[in-house]
Trainee: 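Have a look at this one.
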Amino acid sequence: MSAESTPDPGIPGDTGTSGARHRGKGKRRRPQRRRKGLMITAWTAAGIVVVGGAGAGYLYFKLNGNLKSVDIDQALGTDRPAKADNGSENILVLGSDTRAGGNKKLGGGTDDGSARSDTAMIVHVYKGHKKASVVSIPRDTLIDRPSCTDTKGDEYPAARSVMFNSAYSTGGAACAVKTVESITDLRMDHYLEVDFAGFQKLIDDLGGVEITTTESIDDPDSHLKLKAGTHTLDGKQALGLVRTRHGVGDGSDLGRIQLQQAFIKALVNQIKDVGVFSNPKKLIDLAETATRTVTADSDLGSVNKLASFANGLKGISPSGMHMITMPVVYDPADPNRVLLQKKKADQIWKALENDEPIPKSATSGSATGEAKGVVTAP
């Protein structure tokens with residue numbers, strides 16, 4: 001699938017929406033010093049603290065060597081929104097759909113050597129780290145992408161009215177972060193990325209995730225076939241679920257996002273009950289897979305830093321996670337694309353900037369994928 005194409009049509013929505021958000025003059029904030037793709041990585045990293053505490057020095061260095069990191073701060077420089085000083089944090093979480101290597105048969109499509117942000121979420125952790133808001137960004141959203149420089153120093157010109165996921169395929173993590181910051185005017189404090197193969201193995205190492213489907217799902221493209229009822233999904237099935245769009249809801253990417261959000265809540269619930277810390281082998285297997293799977297910003301690029309960060313998130317339960325989709329409407333010119341509802345989105349960004357709950361008015365009237373409630377935690 002090319003970065004500029006989506007196979008199935010959605011349902012046209014209302015008009016009267018605006019495109020990408022432009023930062024007004026005088027709003028650029030002063031540069032300051034720098035100080036979940038998926039929540040399973042964070043929870044697993046927290047477990048690494050136990051391994052290190054047990055004196056497993058060799059294992060610690062092995063896990064540390066597994067980690068990949070990218071220096072987002074150096075690539076983006078100082079021309080960014082200021083860091084919040086209210087105790088909150090914003091994390092950009094991407095699921096990468098590269099078709100290269102071990103991901104080829106998992107992701108389908110063509111191995112063209114590129115990768116795209118198949119899943120994108122802004123995770124806002126509130127002060128006290130007991131609650132979080134998660135805002136999913138539809139990959140088919142048409143945005144104005146800013147000029148950006150990748151972590152190798154290569155520069156890319158700005159582009160108008162392109163799909164959101166083209167930012168990652170163009171300039172990698174740094175360009176994706178800059179694009180999100182240009183849309184939201186929020187500083188992304190951290191970056192986490194997980195790919196297809198890693199996600200599948202993490203679920204298998206965890207022992208599967210239990211979910212309930214209220215209707216049957218049969219999607220030949222994602223290779224998922226489930227009858228209505230309760231299931232314990234293995235890694236392959238879980239990957240199929242978070243990639244499913246056909247035969248559920250309106251067949252759009254928005255419906256897939258609703259399935260992803262439901263699965264993440266079930267996943268977090270499962271991790272809390274799995275007994276990882278009392279099972280050393282499970283802990284080590286998860287730690288090995290997680291550290292090979294995750295790519296983080298350089299601030300989280302070591303086992304100690306990632307574990308410390310994850311340990312601060314373990315107080316967030318599924319009930320403490322508020323999950324929404326960035327408000328959009330279907331593009332009347334192309335039902336395969338969506339357009340940002342700027343005024344509603346601004347309510348979200350303002351609330352997160354002030355570390356406040358997202359008002360219900362911010363998402364009322366937004367296009368949905370009509371797949372809400374199809375998947376629930378049992």
Trainee: Are any side-chain N or O atoms of E370 and backbone N or O atoms of D250, one a donor and one an acceptor, separated by less than 3.5 Å?
Mentor: no
Trainee: Using modelled atom types only, decide if a donor and an acceptor are shared between the side chain of E210 and the backbone of T230 within a distance under 3.5 Å.
Mentor: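 No, E210 side chain to T230 backbone: no donor-acceptor pair under 3.5 Å.
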Trainee: Could you check whether any side-chain heavy atom of P146 comes within less than 4.5 Å of a side-chain heavy atom of E181, counting everything from C-beta outward?
Mentor: no
Trainee: Under the 3.5 angstrom rule, does the side chain of T213 hit a backbone N or O of G229 as a donor-acceptor pair?
Mentor: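 Side chain of T213 to backbone of G229, a donor-acceptor pair under 3.5 Å: yes, one is there.
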Trainee: Let me see the working for I143 and V162 under side-chain contact (heavy atoms from CB on, under 4.5 Å), right down to the final yes or no.
Mentor: CA-CA 5 Å; I143 52 99; V162 295; 4.3 Å; yes
Trainee: Can you confirm whether R187 sits close enough to N90 that some side-chain heavy atom of one is under 4.5 Å from a side-chain heavy atom of the other?
Mentor: no
Trainee: Testing the basics here: between S298 and S69, what is the closest heavy-atom pair and its distance to 0.1 Å?
Mentor: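 Heavy atoms of S298 and S69 come nearest at CA-CB, 4.0 Å.
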Trainee: Distance from K130 atom NZ to S319 atom OG, nearest 0.5 Å?
Mentor: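 K130 atom NZ to S319 atom OG measures 11.5 Å (nearest 0.5 Å).
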Trainee: Would you say the side-chain atoms of T141 pair up with the backbone N or O of P138, donor to acceptor, closer than 3.5 Å?
Mentor: yes
Trainee: After noting the C-alpha distance and the side-chain angles of M188 and D297, does the key distance pass the side-chain contact (heavy atoms from CB on, under 4.5 Å) rule?
Mentor: CA-CA 10 Å; M188 295 298 109; D297 65 273; over 6 Å; no
Trainee: Is it the case that over 12 heavy atoms from other parts of the model lie below 6.0 angstrom from the NZ atom of K68?
Mentor: yes
Trainee: Measure the CD1-CD1 distance between I257 and I324 for me, rounded to the nearest 0.5 Å.
Mentor: 11.0 Å
Trainee: Flag the pair T179 / C148 as yes when at least one side-chain heavy-atom distance between them is below 4.5 Å, and no otherwise.
Mentor: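 Sidechains of C148 and T179: no contact.
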Trainee: Closer than 4.0 angstrom, basic N to acidic O: yes or no for R245 and D219?
Mentor: no
Trainee: Given salt bridge (charged side-chain N to carboxylate O under 4.0 Å, His left out), test R80 with D73 step by step and report yes or no.
Mentor: CA-CA 9 Å; R80 304 175 64 187; D73 286 345; 2.6 Å; yes
Trainee: For K305 versus D299, what's the shortest heavy-atom pair and its separation?
Mentor: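 Closest heavy-atom pair between K305 and D299: CD-O, 3.0 Å.
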Trainee: Quick one: which of K342, K350, K344 gives a salt bridge (charged side-chain N to carboxylate O under 4.0 Å, His left out) with D346?
Mentor: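 In the set K342, K350, K344, the residue that makes a salt bridge (charged side-chain N to carboxylate O under 4.0 Å, His left out) with D346 is K342.
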Trainee: Less than 4.5 Å apart, any side-chain heavy atom of S161 and any of L142?
Mentor: yes
Trainee: Set out, in order, the CA-CA distance, both residues' side-chain angles and the distance that settles side-chain contact (heavy atoms from CB on, under 4.5 Å) for H124 and W349, then state yes or no.
Mentor: CA-CA 10 Å; H124 177 84; W349 316 140; over 6 Å; no
Trainee: Write down the atom of Y330, the atom of P335, and the distance for their closest heavy-atom approach.
Mentor: CD2-O, 3.6 Å
Trainee: In a check of side chain to side chain donor-acceptor pair (under 3.5 Å) between Y156 and each of T170, D150, T149, which one passes?
Mentor: D150
Trainee: Take N336 and D140 through the test side-chain contact (heavy atoms from CB on, under 4.5 Å) and record every step on the way to the result.
Mentor: CA-CA 7 Å; N336 291 323; D140 295 341; 5.9 Å; no
Trainee: Is the closest side-chain donor-acceptor distance between S88 and N86 under 3.5 Å?
Mentor: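 Side-chain D/A pair, S88 to N86: present.
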Trainee: Please report the interatomic distance CD1(I122) to CG(L352), rounded to the nearest 0.5 Å.
Mentor: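 The CG atom of L352 is 7.5 Å from CD1 of I122, to the nearest 0.5 Å.
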Trainee: Looking only at atom types and distance, does a side-chain atom of D285 sit under 3.5 Å from a main-chain N or O of D205, one as donor and one as acceptor?
Mentor: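 No, D285 side chain to D205 backbone: no donor-acceptor pair under 3.5 Å.
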Trainee: Residues in side chain to side chain contact (heavy atoms under 4.5 Å, CB included) with A173, at least two apart?
Mentor: V70, I72, Y191
Trainee: Would a 4.5 Å heavy-atom cut-off, applied to side chains only, mark Q237 and L226 as touching?
Mentor: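 A side-chain contact under 4.5 Å exists here.
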Trainee: How far apart are the closest heavy atoms of T151 and D71, and which atoms are they?
Mentor: CG2-O, 4.1 Å
Trainee: Could you tell me if the side chain of I203 sits less than 4.5 Å from the side chain of L233, heavy atoms only?
Mentor: no
Trainee: Tell me yes or no: between the side chains of Q261 and S136, is some donor less than 3.5 Å from an acceptor?
Mentor: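 Looking only at side-chain atoms, S136 and Q261 do form a donor-acceptor pair, the distance falling under 3.5 Å.
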Trainee: Find the distance between CG (D195) and CG (L94) and round it off to the nearest 0.5 Å.
Mentor: 12.0 Å
Trainee: In the structure I gave you, are the side-chain heavy atoms of T376 and F263 within less than 4.5 Å of one another anywhere?
Mentor: no
Trainee: Apply the test salt bridge (charged side-chain N to carboxylate O under 4.0 Å, His left out) to residues R256 and D253: give CA-CA distance (whole Å), side-chain angles for both, the deciding distance (0.1 Å), then the verdict.
Mentor: CA-CA 5 Å; R256 171 166 50 191; D253 186 49; 2.8 Å; yes
Trainee: Can you name the nearest heavy-atom pair linking V123 to A132, along with the distance?
Mentor: CG1-CB, 4.5 Å
Trainee: Rounded to the nearest 0.5 Å, what separation is found between the CG atom of L306 and the CZ atom of F309?
Mentor: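 Answer for the CG-CZ pair, L306 versus F309, is 7.5 Å.
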Trainee: Please tell me if the side chains of D185 and E353 come closer than 4.5 Å, counting only heavy atoms from C-beta onward.
Mentor: no
Trainee: Is a side-chain N or O of T214 found less than 3.5 angstrom from the main chain of G373, in a donor-acceptor match?
Mentor: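 Such a contact is found between T214 side chain and G373 backbone.
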Trainee: Supply the atom-to-atom distance D355 CG to E89 CD, rounded to the nearest 0.5 angstrom.
Mentor: 10.5 Å
Trainee: Please check if the side chain of S308 supplies one atom and the backbone of N304 the other of a donor-acceptor pair under 3.5 Å.
Mentor: no
Trainee: Could you pull out the closest heavy-atom pair between K178 and L76, with the gap in Å?
Mentor: CB-CD2, 3.7 Å
